[in-house]
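Notes for the one structure printed next.
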Amino acid sequence: MAPDSFSEVSSASWFSRIGGAFKGILIGIIAVLVAVALLTWNEGRAVKRYKTLKEGAGAVVAVSPESVLPGNEGKLVHLSGHALAGSTASDPLFKVEVPALALNREVEMYQWKEKTSKETKKKLGGGTETVTTYDYTKSWSAQHIDSSRFKHPQEHANPSEIRFRNESFVAIPVQLGAFTLTTSQIRMIGTSETYTFPSDYSPPSNLGEHTQSPTTLYFGKNPDSPEIGDIRISFKVAPEQDISIVAAQTGNSFQAYQTKAGGTIHLLETGLVSAPAMIQIAQDSNKFLTWVLRGVGLVILFIGFNMILAPISVMADVVPFIGNLVEAGTGLIALLLAGLVGLVTIAVAWIVFRPILAISLLVVGIACAYLIFSKIKSAKS
């Protein structure tokens with residue numbers, strides 16, 4: 001059997017590193033431009049979503065789920081009630097049928113997984129020596145892992161595909177009082193409960209030999225000692241439950257509400273949730289996504305500026321100790337540049353809608369600029 005860990009040693013000369021560093025400048029410039037575009041788009045998206053939800057908060061009308069009033073046609077409405085399934089949610093392949101709003105089939109296959117790690121050491125004269133280690137482990141995964149892309153695919157081969165697929169099934173219709181939910185709205189409810197097979201359940205015989213537990217179907221020899229290619233299947237259920245919705249009333253159903261701000265509102269929460277609370281949850285989600293994308297943009301900016309400044313530290317790597325000091329300095333400058341460009345980009349987008357936040361960000365950006373120039377001045381000295 002092949003070992004589950006492989007190491008390879010590679011070397012790069014100082015001249016090849018210099019050439020690679022100068023080529024990396026172009027990639028760094030592209031990364032900076034992509035980051036600025038991402039941050040600009042993200043702030044525009046966040047502003048649009050903020051205005052959309054703010055507009056919705058002032059337009060939403062509370063209605064009763066017991067009757068459909070024609071006067072509310074096209075209006076943004078809020079209602080809460082108990083969602084009931086008009087039929088069963090069923091998986092025709094596995095013959096699983098449950099009186100619930102939705103049923104999800106969840107499939108995992110036991111597969112090889114490759115993890116790559118690198119350790120690079122600088123050598124006197126500016127060259128480097130890199131040790132690349134490839135570790136192979138076995139794990140359950142809902143996604144197919146293509147082993148043909150492994151560095152060492154020998155004896156680490158996965159099946160070419162997963163035999164069964166993850167699928168979602170909904171009950172049709174699902175009623176919320178006098179209203180009918182669409183398929184997409186039913187899926188927004190989500191499946192939260194693990195399905196337990198009835199004591200007399202058995203999947204169709206044409207699916208192959210299996211081992212069965214109260215909540216899992218196992219296709220393989222031994223669930224306690226899985227082998228590559230073994231499959232396990234479980235189901236999740238969305239039971240009948242209380243839900244709340246904020247959307248445009250369309251007949252006896254709902255669709256996304258178009259706002260003057262240019263965005264849409266189509267919210268659904270489990271439980272009896274008020275309209276202001278649902279709007280606030282959506283605003284909080286918008287803030288979270290905004291900060292996540294800001295973080296991604298700032299990281300890309302840092303990487304881009306680091307690549308642009310890389311030739312300076314590579315040239316100093318003739319003496320590794322000096323190269324390390326220069327690399328730390330260029331890394332700090334790259335960090336400050338990322339902060340400056342990122343904060344200014346964010347501030348410009350928000351200056352009309354949140355001037356206090358924008359001014360605060362600009363002040364921080366100016367501080368970053370001052371630190372950058374101070375660092376450059378001290379480096380020259």
Side-chain angles (χ1 to χ4, degrees), residues 52-53 56 59-107 142 164-198 201 203 215 217 233-259 263-282 285:
T52 292
L53 293 171
V60 65
V61 177
V63 301
S64 169
E66 301 305 320
S67 60
V68 179
L69 300 180
N72 290 325
E73 182 71 16
K75 292 183 179 179
L76 182 65
V77 299
H78 165 265
L79 65 159
S80 298
H82 198 70
L84 297 173
S87 64
T88 58
S90 59
D91 181 338
L93 179 62
F94 285 87
K95 306 301 181 184
V96 173
E97 190 171 337
V98 58
L101 306 179
L103 175 72
N104 277 3
R105 181 205 300 163
E106 299 184 348
V107 182
F164 305 107
R165 296 183 301 172
N166 294 326
E167 289 198 46
S168 177
F169 310 93
V170 299
I172 299 293
V174 169
Q175 297 295 136
L176 182 62
F179 293 87
T180 302
L181 299 185
T182 65
T183 299
S184 62
Q185 288 158 359
I186 300 170
R187 291 197 169 109
M188 287 170 69
I189 297 172
T191 51
S192 57
E193 294 187 1
T194 300
Y195 175 73
T196 301
F197 296 106
Y201 172 80
T215 59
L217 298 176
I233 297 174
S234 59
F235 293 87
K236 288 290 184 67
V237 174
E240 297 180 331
Q241 60 192 286
D242 291 334
I243 65 167
S244 301
I245 189 167
V246 173
Q249 179 178 314
T250 306
N252 68 338
S253 190
F254 311 97
Q255 66 179 20
Y257 177 79
Q258 184 69 47
T259 65
T264 60
I265 299 177
H266 193 184
L267 309 177
L268 189 147
E269 297 288 338
T270 57
L272 304 179
V273 186
S274 67
M278 292 181 68
I279 296 290
Q280 186 58 51
I281 290 171
S285 296

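These values consider heavy atoms only, across backbone and side chains, with no hydrogens, waters or symmetry-generated copies.
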Shortest non-hydrogen contact from [X] toward [Y]:
X    : Y    : value
A85  : L101 : N-CD2, 3.8 Å
P92  : F169 : CD-CE2, 3.7 Å
A248 : A256 : CB-O, 4.1 Å
G190 : A238 : O-CB, 3.1 Å
E240 : A83  : CB-O, 3.4 Å
Y201 : F94  : OH-O, 2.5 Å

F197 and Y195 aromatic ring geometry - parallel, tilted or perpendicular at 30°/60° bounds: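 Because their plane-to-plane angle is over 60°, the rings of Y195 and F197 count as perpendicular.
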
[X] side-chain N/O to [Y] backbone N/O, donor-acceptor pair under 3.5 Å:
X    : Y    : answer
R105 : R165 : yes
Q249 : L69  : yes
S87  : A171 : no
Q185 : F254 : yes
E73  : G251 : yes
Q258 : G263 : yes

Between [atom1] of [X] and [atom2] of [Y], what distance do you get to the nearest 0.5 Å?
X    : Y    : atom1 : atom2 : answer
S67  : N252 : OG    : CG    : 12.0 Å
D242 : L176 : CG    : CG    : 9.5 Å
I186 : I172 : CD1   : CD1   : 4.5 Å
S80  : I243 : OG    : CD1   : 8.5 Å
L267 : M278 : CG    : CE    : 5.0 Å
K236 : N104 : NZ    : CG    : 8.5 Å

Full working for side-chain contact (heavy atoms from CB on, under 4.5 Å) between M188 and I245: CA-CA 10 Å; M188 287 170 69; I245 189 167; over 6 Å; no

Test side-chain contact (heavy atoms from CB on, under 4.5 Å) applied to V60 and I265, step by step: CA-CA 10 Å; V60 65; I265 299 177; over 6 Å; no

Does the side chain of [Y] come within less than 4.5 Å of [X]'s, by heavy atoms?
X    : Y    : value
Y257 : V246 : no
V237 : T191 : no
D91  : E167 : no
V63  : H78  : no
S253 : T182 : yes
I189 : L181 : yes
F164 : L93  : yes

Distance-only polar pair, side chains of T180 and Q175, donor-acceptor under 3.5 Å: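 Yes, side-chain donor-acceptor contact under 3.5 Å.
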
